[in-house]
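These notes are about the structure you will find just below.
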Amino acid sequence: MKPSIPRGTRDFGPAEMQKRQYIFDIVKANFRLFGFAPIETPSMENISTLTGKYGEEGDQLIFKILNSRIHESKEDKKEELRQEFDASIQRPYNTELLTEKALRYDLTVPFARYVVMNHNKLAYPFKRYQIQPVWRADKPQKGRYREFYQCDADVIGSDSLVNELELLSMMDKTFHELNIPVLIKFNNRKILSGIAEILNSSDKIIDITVAIDKLDKIGKDGVIKELAEKGISPESIEKLKPLIDLSGSNEEKLKVLTQFLSHSEIGKKGIEEIYFLLDHLRTIAIKHATIEMDITLARGLNYYTGTIFEAKANAGTFTPSILGGGRYDDLTGIFGLKGLSGVGISFGIDRIYDVMEELELFPESINKSSTTKVLLANFGKAELMHCLTLASKLRTAGINAEVYPDVVKKIGKQFEYADKKQIPFVGVIGSNEMEKNTVMLKDMSAGTQEELNHDQLIARLK
RNA sequence: GUAGAUGUAGCUCAGUUGGUUAGAGCAUCGGUUUGUGGUACCGAGGGUCGAGGGUUCGAGCCCCUUCAUUUACCCCA
C-alpha cells in the first residue's frame with residue numbers, strides 16, 4: 001500500500017519545524033510582552049457550539065465528526081439513522097443524530113465558550129492567547145490548507161479602543177521582528193452598517209463590500225455591474241459612486257465618508273472610532289508596518305461589530321492575508337453571557353511561513369535541520385561508553401551534543417551522518433584519545449581538526 | 001459547485017508522427033579509501049507507466065470511464 005495523507009494536510013520535517021518554531025516563538029514572546037496568558041481548548045467542540053457563528057458559507061466548511069459506535073444503536077434508532085443519513089445527502093446539513101461533535105473552525109468561538117464557562121474565575125478584562133490548529137473543509141489551494149495553525153490574542157471585557165491600539169502595536173512589533181514588510185488594513189463594521197443604513201439595505205451589506213473590494217481586479221464598471229447583479233437598486237448604486245471612487249489619504253477618504261454618513265448615527269460612531277485610532281497611531285509609534293484605512297474591508301466572520309483588521313505582506317507576489325481580527329460586541333451573548341465586548345487578532349502562521357519562504361526572510365542561523373553542536377564519533381564499545389560520559393559533561397555545560405549510537409565498520413559513516421544533519425563539529429574518540437583523555441575535534445565546514453582536552457573542548461564549543 | 005493542468009523508480013522529472021529490453025538526476029547500497037563527511041570516479045538494486053476498458057499487428061503516447069493531486073474563480077488564515 002502506498003502511504004498518503006489527507007489532502008490539505010501536511011507533514012513537517014525537522015528543517016521546516018525549525019522555521020515554524022522560530023515564528024511561533026516570536027509570536028508567543030510578543031503575546032506575553034503585551035500581557036496575554038495562554039489557554040488551550042479541545043480540538044473538537046459540540047457541533048451546536050460552532051454552527052451559526054461563521055455565516056452560511058462558514059458553517060458548511062466545518063469538519064464534522066461522525067458519531068461513534070452508531071453500529072451499537074438499538075434497532076429502531078437505526079432506522080431513524082438511516083432516514084437521517086438519506087436526508088442529509090439531499091441538504092447541506094445533518095442533525096446531531098449523525099454528528100454531535102466537530103473540529104474547531106477557529107479559536108475565537110471556543111474562546112467565547114470558555115469565557116462563559118469560566119466567567120467567575122476570570123479577571124476582566126481577560127487577555128488570553130491561544131496557539132492551536134484549526135480545521136476547515138475547504139478545497140485546498142496555494143496558501144489554503146485544511147489544517148492550519150492560528151495564533152490568537154484576544155481581550156474580552158473591555159470596550160476601550162486602547163485595546164485596538166495595543167493590538168496594532170503588537171502586530172507592528174511582531175511583523176517587525178519577523179522582518180516581514182506588512183500592510184495592515186483596518187476598517188470599522190459600524191461604517192459598513194452606516195452605509196447599509198443610508199442605502200436602506202442592511203441585508204446586502206456583505207454583497208456591497210465584496211463588490212467594492214474587487215475594484216482593483218474588475219474596475220469601476222465591473223463593480224457597478226456586480227452590484228446590479230446582486231440586486232442593488234440603481235438609485236443605491238448612484239449613491240454609492242463616491243465610495244467606489246474613494247481614494248487618497250486616510251483623511252481625504254474620511255472626509256467623503258463623514259459626509260456620506262452624516263445621517264447615520266452608527267456610521268458617525270464608526271468614523272469617530274477610526275479617527276481615534278488614526279489620532280493615536282503616533283502615540284504607539286508604529287515603526288515598521290504601513291497602516292491603511294480601507295472601507296472595502298469587510299471580513300466574512302459575521303460576529304465582528306466594530307474595528308476589523310487584516311494584514312498582508314507588502315512585498316513579493318504571494319500576498320494572502322496573514323492576519324485577521326476585529327472587535328465583537330456580543331460574542332458571548334449567544335452562550336448566555338451578555339455585555340462583554342472583546343477584540344482580538346489571529347496570526348496565520350502557515351501563510352506567514354509561505355510568505356517568509358518566498359521572500360527568503362528566515363535568518364541563516366535557523367536554516368538547518370538540527371541544533372546539535374557536536375557529534376561524538378566512536379570506534380568501538382569501550383569508546384562509546386567513554387563518549388556517553390563526555391556527552392553528559394558537555395550537556396551540563398549547555399552544549400547540544402549527541403553520540404553516534406552504533407559501532408560501525410566505517411568511521412566515515414558517522415561523519416556522513418554529521419554532515420547530513422549539518423552538525424558543525426565532530427569529536428572523534430579512538431583508543432589514542434581515550435588514553436590521553438582528549439578529543440580530536442573536527443570543524444566540519446573548515447575541514448580542520450585539533451586535539452583538545454575536555455576543558456578546552458567545552459571552551460571551544462561554548 | 002465551475003474551469004484548467006498533472007499522474008512514469010523512494011523523490012524531482014525526460015520519454016520524438018504509436019514501434020525491440022521505458023531513461024536521467026537526486027536518494028539508497030557497494031567499491032576506489034578498515035582513523036574522516038561534503039567534492040570526484042566505478043558499479044548495483046529499484047517500474048503492473050494512477051486504475052479500468054477500448055482502438056491497433058503493436059499503446060507510457062490515441063479514445064472513453066474513473067480515481068487522485070494541483071491551480072484559478074467564490075470565500076478565507
Side-chain angles (χ1 to χ4, degrees), chain A residues 2-10 13 23 27 54-62 92 104-108 131-152 206-207 209-211 213-214 217-218 226 230 297-302 308-313 318-326 344-355 375 377-380 383 404 407-434 439-449 451:
Chain A
K2 228 183 178 171
S4 64
I5 54 174
R7 90 171 139 152
T9 66
R10 297 147 300 154
I23 304 173
V27 169
Y54 307 110
E56 212 175 298
E57 200 144 352
D59 276 1
Q60 292 178 37
L61 297 180
I62 293 172
R104 72 167 99 78
Y105 178 88
D106 71 354
L107 301 178
T108 307
I131 299 178
Q132 291 190 275
V134 303
W135 293 269
R136 297 187 185 177
D138 230 339
K139 266 192 154 186
Q141 272 172 46
K142 189 174 167 64
R144 166 173 305 185
Y145 308 105
R146 290 184 141 186
E147 177 183 62
F148 60 96
Y149 270 78
Q150 289 195 330
C151 307
D152 274 34
I206 299 287
D207 289 338
T209 51
V210 164
D213 187 38
K214 289 183 188 161
K217 281 188 204 159
I218 60 180
E226 172 149 345
K230 293 286 179 185
L297 181 63
R299 305 206 43 80
L301 297 180
N302 57 5
I308 45 188
F309 300 110
E310 182 173 283
K312 292 177 179 209
F318 179 62
T319 56
S321 79
I322 50 178
L323 171 143
I345 54 170
S346 176
F347 289 88
I349 206 175
D350 302 82
R351 286 180 176 179
I352 289 176
Y353 180 101
D354 293 341
V355 165
L375 172 79
N378 70 83
F379 280 86
E383 289 90 339
Y404 195 85
V407 177
V408 289
K409 265 190 245 151
K410 298 188 72 172
I411 183 90
K413 195 150 180 128
Q414 306 188 39
F415 281 86
E416 204 179 304
Y417 172 79
D419 182 57
K420 274 194 186 143
K421 278 185 78 174
Q422 297 170 275
I423 298 171
F425 294 97
V426 175
V428 182
I429 297 171
S431 47
N432 293 345
E433 288 84 1
M434 214 168 106
V439 174
M440 187 63 78
L441 186 72
K442 177 159 182 175
D443 180 329
M444 289 297 279
S445 56
T448 55
Q449 57 183 21
E451 194 170 355

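What you see is a predicted model; the values in this text were computed from it and never measured.
Contact check for A:Val355 versus A:Phe318: side-chain heavy atoms found under the 4.5 Å cut-off. At a threshold of 4.5 Å between non-hydrogen side-chain atoms, the residues A:Tyr105 and A:Asp59 do not count as touching. Side-chain contact between A:Gln132 and A:Leu107 is present, with at least one heavy-atom pair separated by less than 4.5 Å.
Within 3.5 Å, no donor on the side chain of A:Gln422 pairs with an acceptor on the base of B:G37, nor the reverse. In this model, no side-chain donor or acceptor of A:Asp419 finds a partner on the base of B:G38 within 3.5 Å. For A:Arg136 against B:C75, a side-chain-to-base donor-acceptor contact under 3.5 Å is absent.
A:Tyr145 comes within 4.0 angstrom of a base, heavy atoms only. Using a 4.0 Å heavy-atom cutoff across all strands shown, A:Pro140 reaches sugar-phosphate atoms only and no base atom. Within 4.0 Å of A:Lys420, counting heavy atoms only, lie sugar-phosphate atoms of the nucleic acid but no base atom. Using a 4.0 Å heavy-atom criterion, one finds that A:Gly58 contacts no nucleic acid atom at all. Contact annotation for A:Gln414: no contact, since no heavy-atom pair falls under 4.0 Å across all strands. If you check every strand for non-hydrogen atoms under 4.0 Å, A:Phe379 touches a base. Residue A:Lys142 is classed as a sugar-phosphate contact, given heavy-atom separations below 4.0 Å to backbone atoms only. Within the 4.0 angstrom heavy-atom criterion, no nucleotide atom of any strand lies near A:Glu147.
Using P as the reference atom, B:G19 and B:C63 are 15 Å apart when rounded to the nearest Å. Nucleotides B:G18 and B:A9 are separated by 24 Å at their C1' atoms, to the nearest Å. Atom P of B:G7 sits at a distance of 31 Å from the matching atom of B:G43, rounded to the whole Å. For the P atoms, the distance linking B:U34 with B:G15 amounts to 43 Å, nearest Å. When the P atom is used for both B:U28 and B:U39, the distance is 10 Å, rounded to whole Å. B:A14 sits 10 Å from B:U8 when the C1' atoms are compared, rounded to a whole Å. Only the C1' atoms considered, B:U2 is 43 Å distant from B:C57, to the nearest whole Å. For the P atoms, the distance from B:C29 to B:G10 is 16 Å, rounded to whole Å.
Closest-nucleotide positions on RNA chain B for A:Ala311 and A:Ser431 were compared, and the one nearer the 5' end corresponds to A:Ser431. Nucleotides of RNA chain B nearest to A:Leu61 and A:Ile411 differ in position, and the one nearer the 5' end is that of A:Ile411.
Applying the Watson-Crick and G-U wobble criteria (two distances, each under 3.5 Å), B:A3 pairs with B:U71. Nucleotide B:A9 has no partner under the Watson-Crick or G-U criteria, as no pair reaches both atom distances under 3.5 Å. Under the Watson-Crick and G-U wobble criteria, each requiring two contacts below 3.5 Å, nucleotide B:G52 is paired to B:C64. When both pairing distances are held under 3.5 Å, B:C57 makes a Watson-Crick or G-U pair with B:G19. Under the Watson-Crick or G-U wobble criterion, with both distances below 3.5 Å, B:U39 has no partner in any strand shown. Across every strand in view, B:U33 sits unpaired, with no contact that passes the Watson-Crick or G-U test at under 3.5 angstrom. Across the strands present, B:A14 finds no partner; the criterion is a Watson-Crick or G-U wobble pair with both atom distances under 3.5 angstrom.
Note: A:Ile23 CD1 to A:Tyr353 OH = 7.5 Å, rounded to the nearest 0.5 Å. Annotation: the span from A:Asp350 atom CG to A:Ile322 atom CD1 amounts to 12.0 Å, rounded to 0.5 Å. Summarising the geometry, atom CD1 belonging to A:Ile345 is positioned 14.5 Å from atom CD1 belonging to A:Ile308; distances are rounded to the nearest 0.5 Å.
Taking A:Arg146 as the reference, nothing meets the salt bridge (charged side-chain N to carboxylate O under 4.0 Å, His left out) condition, with sequence neighbours excluded. With sequence neighbours excluded, the residues forming a side-chain hydrogen bond (donor to acceptor under 3.5 Å, both in side chains) with A:Asp152 are A:Thr108, A:Ser346, listed by chain and number.
For the pair A:Asp138 CG and B:C73 C1', the interatomic distance rounds to 13 Å; values are reported in whole Å. Computed from coordinates, the A:Ile423 CD1 to B:U36 C1' distance equals 15 Å when rounded to whole Å. Here the P atom of nucleotide B:C76 and the CD atom of A:Glu310 are 9 Å apart, to the nearest Å. Distance CD (A:Gln132) to C1' (B:A77): 16 Å, rounded to an integer number of Å. What separates NZ of A:Lys410 from P of B:U34 is a distance of 7 Å, to the nearest Å. Rounded to whole angstrom, the span from the OH atom of A:Tyr417 across to the P atom of B:U28 amounts to 14 Å. The CG-P distance, from A:Leu375 to B:G38, rounds to 15 Å in whole Å. Nucleotide B:A77 holds its P atom 14 Å from the CZ atom of A:Phe318, rounded to whole Å.
The aromatic ring of A:Phe415 does not sit over the base of B:G38; the criterion of centres under 5.5 Å apart with planes under 30° is not met.
In this structure, of B:C29, B:C74, B:G1, it is B:C29 that holds the atom nearest to the side chain of A:Lys413. Across B:G37, B:A77, B:U36, the shortest atom-to-atom separation from the side chain of A:Glu416 is found for B:G37. Listed nucleotides: B:C75, B:U36, B:A72. Nearest to the side chain of A:Lys139: B:A72. Considering only side-chain atoms of A:Lys442, the nucleotide from B:G31, B:C75, B:G37 that sits closest is B:G37.
For A:Gln141, a side-chain nitrogen or oxygen approaches OP1 or OP2 of B:A72 to under 4.0 Å. In this model, the phosphate group of B:U69 is approached by a side-chain N or O of A:Arg7 to a distance below 4.0 Å at OP1 or OP2.
The aromatic rings of A:Tyr404 and A:Tyr417 sit perpendicular, their planes meeting at an angle over 60°, well past the 30° parallel limit.
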